[in-house]
> 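Below you'll find the structure I mean.
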Amino acid sequence: MENIGFIGLGIMGKPMAGNLIRAGHRLVVFDIRPEPVEELVRAGAKAAKSTRDVALQSDIVLTMLPNSPEVIDVVLGEEGAIEGMKPGTVLIDMSSIDPLVSREISEKLKHKGVAMLDAPVSGGEPKAVDGTLAIMAGGPREIFDRVKDILGVMGATVTHVGEIGSGNTAKLANQIIVALNIAAMSEAMVLATRAGVDPEKVFQAIRGGLAGSTALEAKMPLILDGQFKPGFRIELHLKDIRNVLDTARKLDAPVILSEKMMEILRSLAEEGKGKDDHGGIVQYYEKLAGVKVRRKTDGH
Ligand code: NAD
């Protein structure tokens, strides 16, 4: 069995690593925060001293970090994973980052004989815990085939999208659709609330029709409860939409709604709501309209 390294044990990485341990894999883990490392050591993982130390002990290195700068630092930086990787090692970066950065990192690793997949995920913390994430991977097909079963421990669907960077391109597409879905439901439900109509009844009335969606099912109950504990933080969605705009600029692709979305997310972050769940996008509309989209307490 191959030795697996796991770097970045946050909201997503910690339960994903936990599932690999439960599936019987040998894991070496590292995070700059000691708490999740200690927790995973209690579950059977080995703690490493640095990212380089993880790479020295691993055939496959997984990373689940916030954004492009952290992945560059962890993989290519001083004492980075690249220093400990041998030819034949595989890097699977599962963070959501700029797809063009995935390509750049992969090029640098190639010189060391190290192959890379970009394999970001969708589904959030509950699916990370259940091992039912949607995983979208880019990179060489033969490497994907080699590690598919490992990804399958963490995901219910594991799709090879194409060349390196295409996993993160799929993830950017995912993030545009999710953010705009939440903004659309916020706009619609604030309108309904302003009209004096119960938003919970509107939800019940429309969820089975064409407006129904996984995003509506996941976020509407939380919005109705005013429950914005993350989950997926607004600041991370802001990062993803910034990556959308950066990538679109380089490709000359039109992203009209994402530009508007960027303004909304930035304004929420500036108001100190960056750590709220992205369901909290509704608060932008609520503030403008002076109403709150909440359950009626009389039960009728
Ligand atoms: P998080 O902030 O909870 O976790 C990131 C972890 O990386 C932290 O534990 C942090 O200490 C660690 N870290 C940062 N710099 C490091 C370094 N230099 N060396 C070692 N460890 C370092 O973030 P998260 O919510 O787990 O998200 C991780 C990635 O997954 C992001 O790219 C995010 O966009 C993506 N994602 C998140 C969700 C979600 O619902 N939270 C869903 C899908 C995708």
Side-chain angles (χ1 to χ4, degrees), residues 5-19 28-40 47-55 61-84 91-99 101-102 105 118-137 154-157 167-168 170-179 182 214-215 218-219 222 228-244 265 274-280:
F6 207 119
I7 304 167
L9 308 166
I11 290 182
M12 299 296 283
K14 189 177 74 174
M16 289 160 72
N19 283 332
V28 185
V29 297
F30 180 73
D31 194 291
I32 45 177
R33 297 180 305 123
E35 303 83 9
V37 174
E38 285 157 14
E39 202 176 312
L40 287 167
K49 291 191 288 290
S50 65
T51 57
R52 178 174 168 273
D53 190 28
V54 170
V61 177
L62 307 185
T63 44
M64 193 51 165
L65 297 156
N67 195 14
S68 313
E70 289 83 5
V71 178
I72 292 171
D73 185 40
V74 160
V75 178
L76 305 175
E78 219 177 297
E79 285 287 296
I82 193 168
E83 291 186 18
L91 172 72
I92 311 175
D93 177 34
M94 305 193 73
S95 332
S96 307
I97 70 168
D98 182 335
V101 172
S102 303
I105 296 174
D118 62 317
V121 310
S122 174
E125 189 185 16
K127 290 185 181 239
V129 171
D130 293 351
T132 57
L133 292 163
I135 302 180
M136 41 209 100
M154 298 174 279
T157 60
N168 271 309
K171 177 67 185 178
L172 290 185
N174 184 84
Q175 292 308 81
I176 294 173
I177 293 169
V178 172
I182 299 174
T214 311
K219 298 302 168 189
L222 300 178
F228 303 127
K229 181 178 168 288
F232 188 71
R233 298 191 298 275
I234 283 173
E235 64 189 13
L236 283 178
H237 220 139
L238 174 63
K239 172 264 302 185
D240 289 334
I241 298 299
R242 188 175 288 123
N243 283 339
V244 166
L265 292 168
K275 306 254 180 263
D276 283 2
D277 186 74
H278 57 170

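Counting starts at 1 for both ligands and their atoms, following the listed order. These numbers come from the heavy atoms of this one structure, side chains and all, not from hydrogens, waters or symmetry mates.
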> Kindly assign one of parallel, tilted or perpendicular to the pair His237 and Phe232, based on the angle between their ring planes and the thresholds 30° and 60°.
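Plane angle over 60°, so perpendicular.
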
> Picking from Arg233, Lys229, Lys219, what satisfies side-chain hydrogen bond (donor to acceptor under 3.5 Å, both in side chains) with Asp277?
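Of the listed residues Arg233, Lys229, Lys219, the side-chain hydrogen bond (donor to acceptor under 3.5 Å, both in side chains) partner of Asp277 is Lys219.
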
> So, are Lys171 and Asp240 salt-bridged, with charged N and O less than 4.0 Å apart?
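Result for this pair is no, no salt bridge flagged.
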
> Side chain to side chain donor-acceptor pair (under 3.5 Å) with Ser68: which residues, sequence neighbours excluded?
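By the side chain to side chain donor-acceptor pair (under 3.5 Å) rule, Ser68 matches no residue at all.
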
> For the backbone of Ala48 and the side chain of Asp53, can you confirm whether one donor and one acceptor N or O come within less than 3.5 Å of each other?
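Not at all, since once roles are kept as given, no pair shorter than 3.5 Å links the two residues.
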
> Polar pairs, ligand 1 vs protein, N/O only, below 3.5 Å.
| residue | atom | partner | partner atom | Å |
| --- | --- | --- | --- | --- |
| ligand 1 | 2 (O) | Arg233 | NH2 | 3.2 |
| ligand 1 | 3 (O) | Ile11 | N | 2.9 |
| ligand 1 | 9 (O) | Gly10 | N | 3.4 |
| ligand 1 | 9 (O) | Asp31 | OD1 | 3.4 |
| ligand 1 | 9 (O) | Asp31 | OD2 | 2.6 |
| ligand 1 | 9 (O) | Arg33 | NE | 3.2 |
| ligand 1 | 9 (O) | Arg33 | NH2 | 2.9 |
| ligand 1 | 11 (O) | Asp31 | OD1 | 2.7 |
| ligand 1 | 11 (O) | Arg33 | NE | 3.3 |
| ligand 1 | 26 (O) | Ile11 | N | 3.3 |
| ligand 1 | 26 (O) | Met12 | N | 2.9 |
| ligand 1 | 32 (O) | Leu65 | O | 3.1 |
| ligand 1 | 32 (O) | Pro66 | O | 2.8 |
| ligand 1 | 32 (O) | Ser96 | N | 3.0 |
| ligand 1 | 32 (O) | Lys239 | NZ | 3.2 |
| ligand 1 | 34 (O) | Lys239 | NZ | 2.8 |

> Do Asp93 and Asn168 have side-chain N/O donor and acceptor atoms under 3.5 Å apart?
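Looking only at side-chain atoms, Asn168 and Asp93 do not form any donor-acceptor pair under 3.5 Å.
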
